[in-house]
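This report refers to the structure that appears directly beneath it.
Chain letters run A, B, ... following the sequence lines, proteins first, then strands; residues in each count from 1. These numbers come from a predicted model, not from an experiment.
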Amino acid sequence: MINITLPDGSTRKVESGTTAYDVAMDISEGLARNVLAAEVNGEVWDPQREIRSDASLKLLTWNDDAGKSTLWHSSAHLLAEALESLYPGVKFWVGPPIEHGFYYDVDFGDQTFTDKDFTAVEQKMLELAKTKNPFIRKEISKAEAITYFTEKGDEYKLDLLEGLEDGTITLYTQGNFTDLCRGPHMPHTGFVKAAKVMSIAGAYWKGDESNKQLTRVYGITFPKKQELTAYLELLEQARARDHRKLGKEMDLFAFSEKVGQGLPLWLPKGAELRSRLEDFLKEAQRKAGYQGVITPHIGNKELYITSGHYAKYGADSFQPIQTPAEGEEYLLKPMNCPHHCEVYKARPRSYRDLPVRFAEFGTVYRYEQSGELHGLTRVRGFTQDDAHIFCTADQVKEEVSNVIDLVLYIFDILDFKDFVVQVSLRDPENPEKYIGSDENWEKAERAIQEVAEEKGLNTIVELGEAAFYGPKLDFMVRDAIGRKWQLGTVQIDYNLPERFELEYVGADNSKHRPVMIHRAPFGSMERFVAILIEHCAGKFPLWLTPEQVKILPISDRFNEYAKGVSKVLENHDIRALVDDRSEKVGKKIRDAELEKIPYMLIVGESEAAEGTVSVRRQGEGDVGGMSVEAFAERIRSEIAEMLKKKD
RNA sequence: GCCGAUGUAGCUCAGCUGGUAGAGCAACGCAUUCGUAAUGCGUAGGUCUGCGGUUCAAGUCCGCAUAUCGGCUCCA
């Protein structure tokens, strides 16, 4: 007999060899029907696997993340089975569960697979699901496994086998499909009640650009039909918030084939919004002791040879600009750091001057791969809210800490709650990708991790994500459909100060090397505005929005009064427009609502007579009448409320 | 850059297997002067992304280019 401890702390005595499924059956048949996997001593197992020693047990269903993953992982096998039956001879690489669904990397050989074939695959999957084929686990020796996949002619699985140790190899079979897999899997295919092939894409084998591309088939499945419908609806809603769609609808920005790929044009309303954000940050930075600098858009090639950027990125950048002078070359600036280093060097620095913080909204140009361009989030010309802090080694932690506070302050004001702080360190496997001494790297990596910990940030550590000159702390935020983007960033850099031979005179009257901190709280204006649009679905906070108020006269007879109201509001620094078209007020309201203008003021006979306005809030409806002055005060206090966290 | 898909009026889209382009909204004009999500009538707007090719005939078929979209790779 063995003891099974359940999450509520209760213990059951059962025969050795009992499965999680048996335990679930013992609790209730309904529960057993829904068990997809089981956590046994912290490890996720097949529910049908026999437990042979005392164990803690948690039954996992669709409501648990691990349960979902198990369903999706098993669904990847189901997809593979369907593909194998429809496209005999296809070869499989790997098919893991992902955040929403799963994929399988497939080599279709000479056969073609397009989005027109999705429905057939979905039907096949459901047909196979209905048979309720059990997933059967089998432990086998490496030699047997090699024989099996050699006979099948599956070189990808043989490649996988090479990396596996004998004695740890398992196969899973459902119906006619057998896969090399460590599991776990759900009891049988019948759990899948809805299946959708979402998309296909090319994916390099083993993620390496020099390898051939396999076809990655993305899918998602659900244990209930209506969950699929709900999921697709949710996706649809998310797409409605896409900044590319809203940016066009709201006249914020545009692209032009003639101007060039990835080079955004900010339209008047977008420019207005952006400059308000810039003003907001400038004010916060002024209080935090930053000094503005301005540097040119180009720099001599030597500048980037010195910084090391030329060696690293020169070949993949916009190519040097030639001048009439023989051999003279300039680069469109891809980053501001080298310029700021030269700003630092403009005069001798004393330890008493440090830290110095040079800030610049610096527009940079990077020749991103064409396939990488994406709305405003990945572009070839963008403006960084950049600053470089030059300080002593002792000051690093405090400066990094202050930068983090600044980022958190901005996120707080804009109500960004769903973010992850990523600590980006070197890839220990590829030290040649980085410049600078190990000693400095270790110092910088330690400093960044210590500050993150002291701040109590919820961090994840990513190896290999560091910049080539130093580790980073990145604030990652999701867009409407869940893709992660880096916004705020802080980077510690011991290398550029060396390369540029930056110095300051210490209290000991000798020369020392400062540490450089790169930072951008927004990341770039383009990406930040993109995420902001998606975050608020185009309904910008009152203090930021380009148009705060629209005045809607009931008829042309009240246009004059409306203009008077607009003047008063203008005097209160409120951004108001009059809709003086000869349209019915219902139409004007509808248009203003669709334009997402926060306040509508309806004015007609009675308002003109009494000097009032009828206030309507976007998305909420009629708020009631008040004097123009009272309305102005309402706006003023609402904005003050939004920004009050400021002090 | 790679794999795949897409590109028709300012916007959203229709246009079957090739026969010479259409709707709604927006714009403009006229009428209407209106009370909290669409007033009516009318007008104008398109070398169907571009360049080549096949054909008696191409928005439709083919090739190349270009841009966009979904991924991969990349991201100073």
* Structure fact -> Any strand, both distances under 3.5 Å, Watson-Crick or G-U wobble: B:rG24 pairs with B:rC11
* **Distance, rounded to the nearest Å, where A:Glu620 contributes CD and B:rA37 contributes P** => 14 Å
* **Spacing of A:Ile554 atom CD1 relative to B:rU39 atom P, expressed in whole Å** => 13 Å
* With distance as the sole criterion, do the side chain of A:Arg378 and the base of B:rC74 form a donor-acceptor contact below 3.5 Å? -> yes
* Asked: With sugar-phosphate meaning primed atoms plus P, OP1 and OP2, does A:His518 contact a base, only sugar-phosphate, or nothing at under 4.0 Å between heavy atoms?
  -> nothing
* Asked: Using the benzene-type ring in the case of Trp, are the ring centres of A:Phe522 and A:Phe361 under 6.0 Å apart?
  -> no
* To do: Give one of base, sugar-phosphate or nothing for A:Thr114, where a contact means two heavy atoms less than 4.0 Å apart.
  => nothing
* **Salt-bridge present (A:Glu399, A:Arg519; N to O < 4.0 Å)** => no
* Toward the 5' end of RNA chain B, by each residue's nearest nucleotide, A:Ser370 or A:His374 -> A:Ser370
* Does B:rA38 have a Watson-Crick or wobble partner in any strand here, with both distances under 3.5 angstrom, and which is it? -> none
* Is a donor-acceptor pair below 3.5 Å formed from side chain A:Tyr204 to base B:rG1, judging by atom type as modelled? -> yes
* Heavy atoms from other residues, nucleotides or ligands near CD1 of A:Ile460 exceed 12 (cutoff 6.0 Å) -> yes
* To do: Determine, for A:Tyr367 and A:Arg380, whether the Lys NZ or Arg CZ falls below 6.0 Å from the six-membered ring centre while staying within 45 degrees of the axis.
  => yes
* Salt bridge A:Asp591-A:Arg581, side-chain N to carboxylate O under 4.0 Å -> yes
* Asked: Considering only side-chain heavy atoms of A:Lys472, which listed nucleotide, B:rA38, B:rG70, B:rA76, is closest?
  -> B:rA76
* Measure from the side-chain heavy atoms of A:Tyr313 and tell me the nearest of B:rA37, B:rA76, B:rG35. => B:rA76
* Asked: For the side chain of A:Gln213 and the base of B:rC2, is some donor closer than 3.5 Å to an acceptor across the two?
  -> yes
* To do: Any strand is fair game: report the nucleotide pairing with B:rC64 by Watson-Crick or G-U wobble, both distances under 3.5 Å, or none.
  => B:rG50
* To do: Report the distance from atom CD of A:Glu465 to atom C1' of B:rC74, rounded to the nearest whole Å.
  => 11 Å
* Determine whether any donor atom in the side chain of A:Ser614 lies under 3.5 Å from an acceptor atom in the base of B:rU36, or the reverse, and answer yes or no. => yes
* For A:Lys116 and B:rG70, what is the distance between atoms NZ and C1' respectively, to the nearest whole Å? -> 14 Å
* Asked: Among the nucleotides B:rC72, B:rA76, B:rC25, which one has an atom lying closest to any side-chain atom of A:Ala467?
  -> B:rA76
* To the side chain of A:Lys584, which of B:rC74, B:rU39, B:rG4 is closest? -> B:rU39
* Check: B:rA67 base within 3.5 Å donor-acceptor of A:Glu257 side chain -> no
* Structure fact -> The nucleotide from B:rA76, B:rA26, B:rC69 with an atom nearest the side chain of A:Arg244 is B:rC69
* Measure from CD1 on A:Ile220 to P on B:rG71 and round the result to the nearest Å. => 14 Å
